[in-house]
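Single-structure report; data block below.
To find a chain, count down the sequence lines: A is the first, B the second, and so on, and within it residues start at 1.
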There are 2 protein chains.
Amino acid sequence: MNAKTTQLLSLTPLEKAPAQGVNLWVYHSLRRALMCGQIEPGLPLTIRGLAEVMHVSPMPVREALHRLTCEGAVEVRDNRRVMVPQMTAARFKELYELRIVLETHAAESALPYCRPEHITELERLDNLIDLAYQHSDTGEGSLANQEFHRYLYQRNPFQVAVPLIESVWLQLGPFVRFAKNKLTQHYRIDRHKEALQALRQQNAFALRRAIEADIRDGLASIQAVEGIHEHFKEQALSA
Amino acid sequence: MNAKTTQLLSLTPLEKAPAQGVNLWVYHSLRRALMCGQIEPGLPLTIRGLAEVMHVSPMPVREALHRLTCEGAVEVRDNRRVMVPQMTAARFKELYELRIVLETHAAESALPYCRPEHITELERLDNLIDLAYQHSDTGEGSLANQEFHRYLYQRNPFQVAVPLIESVWLQLGPFVRFAKNKLTQHYRIDRHKEALQALRQQNAFALRRAIEADIRDGLASIQAVEGIHEHFKEQALSA
DNA sequence: TCTCTAAGATTGTGATCATATAATGACGCC
DNA sequence: GGCGTCATTATATGATCACAATCTTAGAGA
């Protein structure tokens, strides 16, 4: 109807609806797009625009955007426009430090619950990561990597940190578009193997070290991209 | 209209509307009620019921409940009923450990940004806590305590952990109804004073110790309540 | 040609309506 | 008398509408 509603946001590779409600379908679609860095920061997201692109009524989009807002995935500018937050070097650093703090804790608290069959499953997930990266699909690789970590942390049946960790992953989503495949592959000297070894030995300290190293490797693979800093908005914008 | 809609949930001390939208007013009202443990876990919360109690249309309530859901404050049972999660000892322990991990990190990352005037403000907030507890208002005291912590962590202008910390506070809300005033006062040998001293000296290690001790004190003040474990639902429920 | 103002367009919010689904209770059958 | 099935009810979800706030843009005046 409107010229602007058919925005530059055709970047929405619609996923299947798991017969679970339009609400969740929209939410998961947007979430995945954000996780894979498919939505450019600064691009204004409108309820009606997204509704038109996804061929649904504005209501499910409204709820999905609200949910993403309170998860920190998108940000409300002024009180009108919703957009993916601009990237700043400082924010990037804080988010990665938060990842380390949260995930080493989650890993350690999951350690006592790890049974051999769980380690077998983790090995399978680790292989899937390699597979995804060999297909040179950065987004898929990142998602597969997250599944490995999530499965590990969720061994603790009383886990309460996973939703928070996912929130941090979500906020880091816009950065993955800069993770180069080759670098990532090169730097992935398989800290996961170290983690699995630590799990087998029930060695909490080694597990923490492996998880932290794994996260720092991912960090390095992004920072190593030449000219990365040109993609960061200077924080003077909002000041 | 319905007999059940006028539920046992008259426990909603409506707060003022800051002329900021009915949406946020409902959200903050519910949030505050949860923070102060004024909503009994297990009590079914319905959109229409809350809407009738608060004299608003169901729409703002729907959005507020969704938001609280994704913050972990309430839980969707089956796919119909929404309720405050039952308390279990394991969950309680996990949440407090998460508090320690997150807040010691947040405090340390805020340390370099702390200026003398900020410390003055923190002293003022600390006095407010004493004041609230002298009025023997556990809920208000807890909120005042949170303001102290939040103000400290937000000294870091790039802080990204505060929303996560608030989510944990929210999930701990149902427990504060068990924090006894006298115990709390007694145990509050003012770890905050230690924290302030560490801030003045820019001593990161001491700051972490003070924050962790402060949190553990609050934990102890709850666990010291005799018969507390009778209030925990056994986790066999959902198994 | 620049600027200020006003009107139109755009968009988020809240309300009302329609529909699908789960819970509850009643009736009938075994 | 107990259990299974069906109907009624209650509730969440999704759509559409109405309104208010904001942004954009065009036009007029200096």
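- Side-chain N/O atoms of A:S167 and A:Q171 include a donor and acceptor closer than 3.5 Å.
- With salt bridges taken as basic N to acidic carboxylate O contacts below 4.0 Å, one links A:R124 and A:E121.
- By the 30° and 60° cut-offs, the orientation of the rings of A:H118 relative to A:Y151 is perpendicular.
- The aromatic rings of B:H149 and B:W169 stand perpendicular to each other, their planes meeting at an angle above 60°, with 30° marking the opposite boundary.
- The overall bend of the helix from C:dT1-D:dA30 to C:dC30-D:dG1, read as the angle between its terminal helix axes built from five base pairs each, is 10° when rounded to 10 degrees.
- B:F158 and B:Y113 have perpendicular rings, their planes meeting at more than 60° on a 0 to 90° scale where under 30° would count as parallel.
- Residue order along DNA chain C, read from the 5' end via each residue's closest nucleotide, puts A:L65 first among A:L65 and A:M59.
- Taking the side chain of B:R48 as heavy atoms from C-beta on, and the options C:dA18, C:dT11, C:dG14, the nearest nucleotide is C:dA18.
- Taking only side-chain nitrogens and oxygens, A:H66 comes nearer than 4.0 Å to OP1 or OP2 of C:dT13.
- Taking every side-chain heavy atom of A:V22 into account, D:dG14 is the closest of D:dG14, C:dG14, D:dA18.
- For B:R62 and D:dG14, a side-chain-to-base donor-acceptor distance below 3.5 Å is present, hydrogens and geometry of angles not being considered.
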Residue pair A:E75, A:R77: steps toward the salt bridge (charged side-chain N to carboxylate O under 4.0 Å, His left out) verdict: CA-CA 6 Å; A:E75 168 180 76; A:R77 211 67 171 179; 3.2 Å; yes

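- Rounded to whole Å, the distance from CD on A:E52 to C1' on C:dG12 is 17 Å.
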